[in-house]
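Okay, structure first, notes after.
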Amino acid sequence: QVQLVESGGGLVQPGGSLRLSCAASGSIFSMYAMGWYRQAPGKQRELVASISIGISRNYADSVKGRFTIFRDNAKNTVYLQMNSLKPEDTAVYYCNEYPARLDYWGKGTLVTVSS
């Protein structure tokens, strides 16, 4: 049984920063590519960033230059560092494998960017 638990969301001012964490259990974490996804109200869930089992990373055009995905395999954790946040970044953020597996979606963590 795979469990992914997201944390680190909250309310932040435009231009501010947050770091999201995703703690994994029940799998061999280091063997899988991982991704961060988000879903804003009334919109489709989208891939924000992904990271391979090595060091390769990919980002959605909307977050390039502002967000960084990284992982600590010893801690079974993947992170998303979010800088220069904008109101349009407001969403529930989820982690999952990349490509995503339907059974692995958790509750996510809410990020609200507002003044």
Rounded to the nearest 0.5 Å, how far does [atom2] of [Y] lie from [atom1] of [X]?
{"X": "Ile69", "Y": "Ser56", "atom1": "CD1", "atom2": "OG", "value": "12.0 Å"}
{"X": "Arg71", "Y": "Ser30", "atom1": "CZ", "atom2": "OG", "value": "7.5 Å"}
{"X": "Phe67", "Y": "Leu85", "atom1": "CZ", "atom2": "CG", "value": "5.0 Å"}
{"X": "Asn96", "Y": "Arg45", "atom1": "CG", "atom2": "CZ", "value": "8.0 Å"}
{"X": "Asp89", "Y": "Ser84", "atom1": "CG", "atom2": "OG", "value": "9.5 Å"}
{"X": "Lys107", "Y": "Glu6", "atom1": "NZ", "atom2": "CD", "value": "9.5 Å"}

How about [X] and [Y]: do any of their side-chain heavy atoms sit closer than 4.5 Å?
{"X": "Arg38", "Y": "Glu46", "answer": "yes"}
{"X": "Leu4", "Y": "Met34", "answer": "yes"}
{"X": "Val78", "Y": "Trp36", "answer": "yes"}
{"X": "Val111", "Y": "Met82", "answer": "yes"}

> Sub-3.5 Å donor-acceptor pair from the side chain of Thr77 to the main-chain atoms of Lys75, do we have one?
Replying inline: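 Such a contact is found between Thr77 side chain and Lys75 backbone.
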> Okay, side chain of Thr112, backbone of Thr90: is any donor-acceptor separation there less than 3.5 Å?
Replying inline: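 Here the side-chain-to-backbone pair does not exist.
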>> When you group the ILVMFWY residues by side-chain heavy-atom contacts below 4.5 Å and let the links chain together, are Val5 and Tyr32 in the same group?
In response: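 As far as the 4.5 Å side-chain criterion goes, Val5 and Tyr32 are not connected within one cluster.
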> Do NZ/NE/NH1/NH2 and the carboxylate oxygens of Lys64 and Asp61 come within less than 4.0 Å?
Replying inline: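 Salt bridge between Lys64 and Asp61, a charged N being under 4.0 Å from a carboxylate O: yes.
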Side-chain donor/acceptor pairs under 3.5 Å, residues 8-23, sequence neighbours excluded:
{"residue": "Ser17", "atom": "OG", "partner": "Asn83", "partner atom": "OD1", "Å": "2.9"}
{"residue": "Arg19", "atom": "NE", "partner": "Gln81", "partner atom": "OE1", "Å": "2.7"}
{"residue": "Arg19", "atom": "NH2", "partner": "Gln81", "partner atom": "OE1", "Å": "3.2"}

>> Please give the remaining members of the hydrophobic cluster of Ile53, linking ILVMFWY side chains under 4.5 Å, ordered by chain and number.
In response: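 None, because no other hydrophobic side chain comes under 4.5 Å of this residue.
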> So which residues get pulled into Trp105's cluster when ILVMFWY side chains under 4.5 Å apart are joined, directly or through others?
Replying inline: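 When side chains under 4.5 Å apart are linked, the cluster holding Trp105 also contains Tyr37, Leu47, Val92, Tyr94, Tyr98, Leu102, Leu110.
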>> One pair to check against side-chain contact (heavy atoms from CB on, under 4.5 Å): Tyr93 and Leu80. What are the steps and the verdict?
In response: CA-CA 10 Å; Tyr93 285 72; Leu80 185 68; 4.1 Å; yes
